[in-house]
Amino acid sequence: MSLSDEARQKIQEIAARYPRRISATIPALYVAQAEYGGWLPKEAMVEVAEELDVPPSHVFGVATFYTLFYKEPVGKHVVQLCTNLACMLCGAETLQQHLERKFNIKINGSIRDGTTADGTFTVLPVECLAACGGAPCMIVDTEYYENLTIEKVDKILTQIATQPTVFFKP
Amino acid sequence: MRQSVRVKTLKIDDRDVGAREDQTLLEVCRENGIFIPALCHLDGLTPVGACRLCLVEVKGQRRLLPACVTRVEEGMEVNTATERLKKYRRQILELFFSERNHICSVCVSNGHCELQSLAQQLGVDHVHFPYRYPRLPVDASHDRFVIDHNRCILCTRCVRVCDEIEGAHTWDVMGRGINARVITDLNKPWGESESCTSCGKCVHVCPTGALVEKGRSVAEMAKRRQFLPYLTLMREGKQ
Ligand code: FES
Ligand code: FES
């Protein structure tokens, strides 16, 4: 697999917005991640480096620094469950345990442990999503869901399971 | 035509000193023979303020400021060697030692290591933090050089010299926090790097025994820095 012409063009467009092409690394990686089904294999990083004409080591450094770039295949939908203070106090722990039991996964930050057997979801614990006012909360793909309860989470996830993935596109 | 340079006067450790307005506190201190420890800074490379060893006290500022990236200002009053600063510097060095595996007695850079000599100079006789003893690889896949991650302090001198002076940008840093590591290309073995020109600059700017030449035994790896002032001149001339 490799980047489509469309994606390459998009990366070029983005790069043109900056005085230095290297500044487009993050948005370009997002374009590539969406193309590759939600994660970044090394080939994708090489292509981004080539497309931007920047050193591969730089692209790799950026991709591995940011947790929202996934370096292993993820499920169809990525669920970022906030386990930081406000959410924890409002019941994030219960949600976490519930999802671990329901899907037979471990929500510990490892993509492999957090992915359901059928590959529908990858659930990852994250630090504050800056939505403490709606704690506990989560992000599924690109959408925020707040004031969660076990029932609400179940309903949201059942609904989303059959829907197509929405990727963040810069 | 030469542009006139503005001069600033300031006080460092109660001494009146003059400086060009574009100078950093570290440069001025060094010009005036005032010692400030520094590990990430190297003349000729872009300063990054990463190691925090050069922290100084500036009157009127509650925070400590890294001298390597702080420009002089008129009337500044700077202290470079208070008890507090000395204590912090020792602690920073201790953290370096506890973070990875710095076993001087078996290190090829023993006796030629900036980390080691600063620790001696600043009186680090104990490390008060528990050692982490991480399991880190040694990559000897390159024909002439070795990278030993156990000795790396992530100063990024290698990254900067490779990018800014050699222009290859083989090195970079991957990951974050305690998991950060310097890498060549896409975290490939160094020997397989397509961008490395084998120039060896990274080896010679490395302050510790992390980047070394092959075939050196304990304490044999002295770094050669003669090329740096020349490169600095060339670079400044270009600007
Ligand atoms: S703690 Fe969860 S959004 Fe802030
Ligand atoms: S020399 Fe200033 S922070 Fe390292």
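These numbers come from a predicted model, not from an experiment. We name chains A, B, ... by the order of the sequence lines, and we start the count at 1 in each one.
- For A/Lys169, the NZ atom counts as loosely surrounded, since its 6.0 Å shell holds 12 or fewer non-hydrogen atoms of other residues, nucleotides or ligands.
- Environment of OH in A/Tyr66: sparse, with no more than 12 heavy atoms of neighbouring residues, nucleotides or ligands closer than 6.0 Å.
- Across every non-hydrogen atom of B/Asn187 and A/Phe60, the tightest pair is CB-CE2, 3.5 Å.
- Atom NZ of A/Lys106 sits in a sparse spot, with 12 or fewer heavy atoms from other residues, nucleotides or ligands closer than 6.0 Å.
- Here the closest non-hydrogen pair linking A/Phe65 and B/Gly175 is CD1-O, 3.5 Å.
- Atoms NE2 and CD1, from A/His58 and B/Ile183 in turn, are 10.5 Å apart once rounded to the nearest 0.5 Å.
- Other residues, nucleotides and ligands contribute at most 12 non-hydrogen atoms within 6.0 Å of the CD atom of A/Gln9.
- Using a 4.5 Å cut-off between non-hydrogen atoms, the part of residues 36-48 of chain A that approaches chain B consists of A/Lys42, A/Met45, A/Val46.
- The nearest pair of heavy atoms linking B/His169 to A/Ser57 is O-OG, 3.0 Å.
- The environment of A/Glu93 atom CD is sparse: at most 12 non-hydrogen atoms of other residues, nucleotides or ligands sit within 6.0 angstrom.
- Sparse packing is recorded around NZ of A/Lys155, with 12 or fewer heavy atoms of other residues, nucleotides or ligands lying under 6.0 Å away.
- Within 6.0 Å of the CZ atom in A/Arg112, the count of heavy atoms belonging to other residues, nucleotides or ligands does not exceed 12.
- For a residue to count as touching a neighbouring chain, one of its non-hydrogen atoms must lie under 4.5 Å from one of that chain's; by this rule B/Thr170 touches chain A with the backbone only.
- When the shell of 6.0 Å around CG of A/Asp53 is examined, it contains 12 or fewer heavy atoms from other residues, nucleotides or ligands.
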